[in-house]
There are 2 protein chains.
Amino acid sequence: MNIGDASERSGVSAKMIRYYEEIGLIKAARRANGYRDYDANDVTVLQFIRRTRDLGFSLEEVSNLLALWRDRKRPSREVKKLASQHIQDLERRMREMRAVVRTLKTLADHCHGDERSDCPILDDFASARPKRKTAKKHAHA
Amino acid sequence: MNIGDASERSGVSAKMIRYYEEIGLIKAARRANGYRDYDANDVTVLQFIRRTRDLGFSLEEVSNLLALWRDRKRPSREVKKLASQHIQDLERRMREMRAVVRTLKTLADHCHGDERSDCPILDDFASARPKRKTAKKHAHA
DNA sequence: CTAATCCTTCCCATAATGGGAAGGTCAAGC
DNA sequence: GCTTGACCTTCCCATTATGGGAAGGATTAG
């Protein structure tokens with residue numbers, strides 16, 4: 001089938017299918033006219049990618065998961081390990097976000113939020129932070 | 001002071017200070033030799049940016065907050081609104097992440113995680129999702 | 001035969017940051 | 001004065017994952 005069909009059945013845009021091929025995540029057969037040609041198995045792979053992406057795995061992680069999936073002899077321990085690491089990562093990011101939410105809520109609670117102009121939120125934003133251990137690369141949430 | 005000093009005092013890298021200037025977030029005086037020149041107020045602005053970035057605001061949001069900060073007559077309501085929207089956004093993302101974590105934990109719980117190769121995690125990843133409200137564009141072709 | 005859809009590749013843009021090169025400037029030491 | 005090293009400048013490239021769109025070839029429906 002053509003890329004348009006594969007896209008519709010997998011839920012992955014044609015644009016992304018070509019990109020995944022470009023970075024070596026998948027391969028595609030070509031027909032005489034240069035068109036990419038996909039079969040049912042290819043669609044399954046694309047659905048695999050779609051699903052794992054939806055679950056927040058990076059393409060690099062997806063690549064690892066795909067490799068494990070293709071290697072039918074690998075111990076399930078390896079798969080579980082990747083999943084667990086991802087869970088840990090998500091939980092860490094959630095903790096960081098929760099801390100930020102707490103801070104913002106506290107600030108917002110002390111802001112009148114009316115016509116008056118004085119605002120402790122901005123006051124806080126502009127105040128110097130005690131830069132304790134500078135080496136912490138802030139988490140990109 | 002030079003950009004290196006401003007960077008050290010604000011915790012914003014020189015690279016980023018130049019970038020913020022490039023996108024119009026800040027301005028910088030220049031000395032005769034072409035070097036950027038910062039004063040205490042500039043450092044405060046940079047700290048403001050640093051703080052809001054640490055709290056997860058995008059540069060566009062930071063730009064809005066900066067504008068509110070510079071306009072001393074604006075009602076605190078506007079500031080509180082931006083903060084509240086950001087809180088909502090964070091909470092929404094946390095909910096989504098929690099749902100993913102729940103899914104992954106369920107999958108991981110059913111995976112032996114030992115030498116055996118059968119693994120329900122990968123099985124799930126490879127199974128087609130029922131694309132319910134996927135508003136598929138008229139499959140007319 | 002023609003027009004509408006496909007498909008192809010190639011370039012650009014996004015958000016925020018870092019790396020590094022090539023070259024100008026300044027301050028300290030001898 | 002001259003050298004050296006630490007600064008500064010601009011410019012280009014890379015990152016992650018995705019989409020937009022152009023130019024042009026292929027196919028298909030009418």
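Because the structure is predicted, anything quoted here is derived from the model rather than measured. A, B, ... follow the sequence lines: proteins, then strands. Residue 1 opens every chain. Values below: all heavy atoms of this structure, side chains included; hydrogens, waters and symmetry mates excluded.
- Listed by chain and residue number, A/Arg92, A/Arg93 satisfy the side-chain hydrogen bond (donor to acceptor under 3.5 Å, both in side chains) test with A/Asp89 (two or more places apart in sequence, or in another chain).
- No side-chain heavy atom of A/Ser76 sits under 4.5 Å from any side-chain heavy atom of B/Glu115.
- Per the geometry, OH belonging to A/Tyr38 stands 12 Å off C1' belonging to C/dT8, to the nearest Å.
- With contacts defined as side-chain heavy-atom distances shorter than 4.5 Å, the pair B/Arg72/A/Ser117 does not qualify.
- Counting to the nearest Å, the C1' atom of C/dC7 and the CG atom of A/Asp5 are 13 Å from each other.
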Could you give the side-chain donor-acceptor pairs of residues 11-28 of chain A under 3.5 Å, partners two or more places apart or in another chain?
from: A/Ser13; atom 1: OG; to: A/Met16; atom 2: N; distance (Å): 3.1
from: A/Glu21; atom 1: OE1; to: A/Arg36; atom 2: NE; distance (Å): 2.6

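- Around atom CD of B/Gln85, more than 12 heavy atoms belonging to other residues, nucleotides or ligands sit under 6.0 Å away.
- Rounded to whole Å, the distance from CD1 on A/Ile17 to P on C/dT9 is 13 Å.
- Checked by atom type and distance alone, the side chain of B/Gln47 pairs as donor or acceptor with a backbone atom of B/Arg9 at under 3.5 Å.
- With contacts defined as side-chain heavy-atom distances shorter than 4.5 Å, the pair B/Asp5/B/Tyr38 does not qualify.
- Here A/Arg36 does not reach the OP1 or OP2 of C/dC6: none of its side-chain N or O atoms lies under 4.0 Å away.
- Taking only side-chain nitrogens and oxygens, A/Arg31 never comes nearer than 4.0 Å to OP1 or OP2 of C/dC6.
- Residue B/Arg50 contributes atom CZ, which lies 16 Å from atom P of C/dA16 at whole-angstrom precision.
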Contact state string [nucleotides 12-23 of chain D, B base, S sugar-phosphate only, - no protein heavy atom under 4.0 Å]
-----BBBBB--

Name the pairs: protein N/O against N/O of nucleotides 25-28 of chain C, kept only if under 3.5 Å.
from: C/dT25; atom 1: O4'; to: B/Tyr35; atom 2: OH; distance (Å): 3.4
from: C/dC26; atom 1: OP1; to: B/Asn33; atom 2: ND2; distance (Å): 3.0

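- Atom P of nucleotide D/dG25 and atom CG of A/Asn2 are separated by 19 Å, given to the nearest angstrom.
- Between the side chain of B/His86 and the backbone N or O of B/Leu55 there is at least one donor-acceptor pair closer than 3.5 Å.
- Regarding A/Ile3, its CD1 atom lies at a distance of 16 Å from the P atom of D/dT27, rounded to whole Å.
- Taking atom CG of residue B/Asp89 and atom C1' of nucleotide C/dA15, one finds them 15 Å apart after rounding to whole Å.
- Side chains of A/Asp114 and B/Lys80 form no contact here, defined as non-hydrogen atoms less than 4.5 Å apart.
- The aromatic rings of B/Phe48 and B/Trp69 sit parallel, their planes meeting at an angle under 30°, below the 60° perpendicular limit.
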Between side-chain atoms of residues 101-108 of chain A and protein atoms elsewhere (two or more places apart, or another chain), which donor-acceptor pairs fall under 3.5 Å?
from: A/Thr103; atom 1: OG1; to: A/Ala99; atom 2: O; distance (Å): 3.1
from: A/Lys105; atom 1: NZ; to: B/Glu91; atom 2: OE2; distance (Å): 2.9
from: A/Thr106; atom 1: OG1; to: A/Arg102; atom 2: O; distance (Å): 3.0

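- Within the helix from C/dC1-D/dG30 to C/dC30-D/dG1, the inter-axis angle between the opening and closing five-pair segments is 20°, rounded to 10°.
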